[in-house]
Amino acid sequence: MEEFNSIEKVQALFASVNGLGNQNLFFVTCQDKQKVTGAAAGMEYPYDGLLINANENGLVMFYLKAGALSGLFTLSNPAKMTLDRNNCIFIPNGNIKKITVKNFALLNSKVKRISIDTLDGKSHKLYAKLDEKDFPYHKDNFNAFIEKYSSK
C-alpha cells in the first residue's frame with residue numbers, strides 16, 4: 001500500500017509507464033470473486049485488485065495482490081494489498097466495448113460493482129467502495145468515474 005497511498009506516488013507510478021493523460025482518474029478496485037471464479041479465471045485475471053487510471057486514452061491498470069486469505073469471507077481491502085509493478089495493462093478506448101457501474105447489492109450503495117468489457121472478449125469484474133480512507137485521491141476520482149459510467 002505504501003507505494004500507492006498518495007496522489008504524488010500514483011502519478012509517478014503511472015508516469016513511469018507513460019500512463020498519464022491530460023485528465024486522470026486514479027482509484028483502487030478489488031476483483032469481484034463472486035463473478036470471477038474457477039482455475040481458468042485465476043489464470044485469465046491473475047490479480048486481486050487493480051490500481052486504475054482512467055483517462056482520455058483508455059484505462060491503465062496495475063495489478064494488486066492480496067494475502068492468501070484476504071477477501072475469503074468479506075470484501076477485500078486494497079490497503080492490505082501490494083502493488084505488482086511488473087504487471088501493468090493498458091486498454092485503449094478503441095478496445096473498450098462497455099463499462100458499467102452499479103450498486104454492489106440492492107441495499108448497499110456504498111460499494112459499486114464495475115464491469116469492464118473489451119472487444120477482445122475479456123471482462124474485468126470488479127468492485128470498489130465509494131470512499132477508501134487510506135487512499136485520499138480515491139473518493140473524488142472514483143465519483144467522477146461513476147458519474148461517467150453509472151447505470152441509471
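Here the structure is a predicted model, which is why all the values come from computation and not from measurement.
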Crowding at [atom1], [X] (>12 non-hydrogen neighbours, <6.0 Å):
| X | atom1 | value |
| --- | --- | --- |
| Asp120 | CG | yes |
| Lys9 | NZ | yes |
| Lys98 | NZ | no |

Please report the closest heavy-atom contact between [X] and [Y], naming both atoms and the distance.
| X | Y | answer |
| --- | --- | --- |
| Ser109 | Asn103 | CA-OD1, 3.8 Å |
| Ala128 | Thr29 | CB-CG2, 4.1 Å |
| His138 | Leu130 | CD2-O, 3.6 Å |
| Ala144 | Leu25 | CB-CD2, 3.7 Å |

Pairing of Asp131 and Lys110 as salt bridge, 4.0 angstrom limit | no
Kindly assign one of parallel, tilted or perpendicular to the pair Tyr47 and Tyr63, based on the angle between their ring planes and the thresholds 30° and 60°.
-> tilted
Contacts table for residues 86-94: side-chain donor-acceptor under 3.5 angstrom, sequence neighbours left out:
from: Asn87; atom 1: ND2; to: Asp84; atom 2: OD2; distance (Å): 2.6
from: Asn93; atom 1: ND2; to: Glu56; atom 2: O; distance (Å): 2.6

Check: [X] side chain, [Y] main-chain N or O, donor-acceptor pair, under 3.5 Å:
| X | Y | value |
| --- | --- | --- |
| Asn5 | Phe135 | no |
| Gln31 | Tyr45 | yes |
| Asn143 | Asp140 | no |
| Lys129 | Lys139 | no |
| Asn141 | Tyr137 | yes |
| Asp117 | Ser123 | no |

To the nearest 0.5 angstrom, please state how far the [atom1] atom of [X] sits from the [atom2] atom of [Y].
| X | Y | atom1 | atom2 | result |
| --- | --- | --- | --- | --- |
| Tyr149 | Ile96 | OH | CD1 | 5.5 Å |
| Ile116 | Leu59 | CD1 | CG | 5.0 Å |
| Phe27 | Ile146 | CZ | CD1 | 8.5 Å |
| Thr118 | Asn95 | OG1 | CG | 5.0 Å |
| Gln23 | Asn57 | CD | CG | 10.5 Å |
| Asp32 | Lys112 | CG | NZ | 14.0 Å |

Within a strict 4.5 Å, meaning less than it, do heavy atoms of the [X] and [Y] side chains meet?
| X | Y | value |
| --- | --- | --- |
| Ile52 | Leu126 | yes |
| Leu20 | Asn53 | yes |
| Val10 | Asn24 | no |
| Phe14 | Phe62 | yes |

Taking a hydrophobic cluster as the set of Ile, Leu, Val, Met, Phe, Trp and Tyr residues connected by side-chain heavy atoms closer than 4.5 Å, whether directly or through intermediates, do Leu119 and Val60 fall within one such cluster?
-> no
Can you name the one residue among Lys65, Lys33, Lys80 that meets side chain to side chain donor-acceptor pair (under 3.5 Å) with Asp48?
-> Lys33
Do we get Arg113 above Phe104's six-membered ring, with its NZ or CZ under 6.0 Å from the centre and within 45° of the axis?
-> yes
Hey, are Ser115 and Lys125 close enough side-chain-wise for a donor-acceptor pair under 3.5 Å?
-> yes
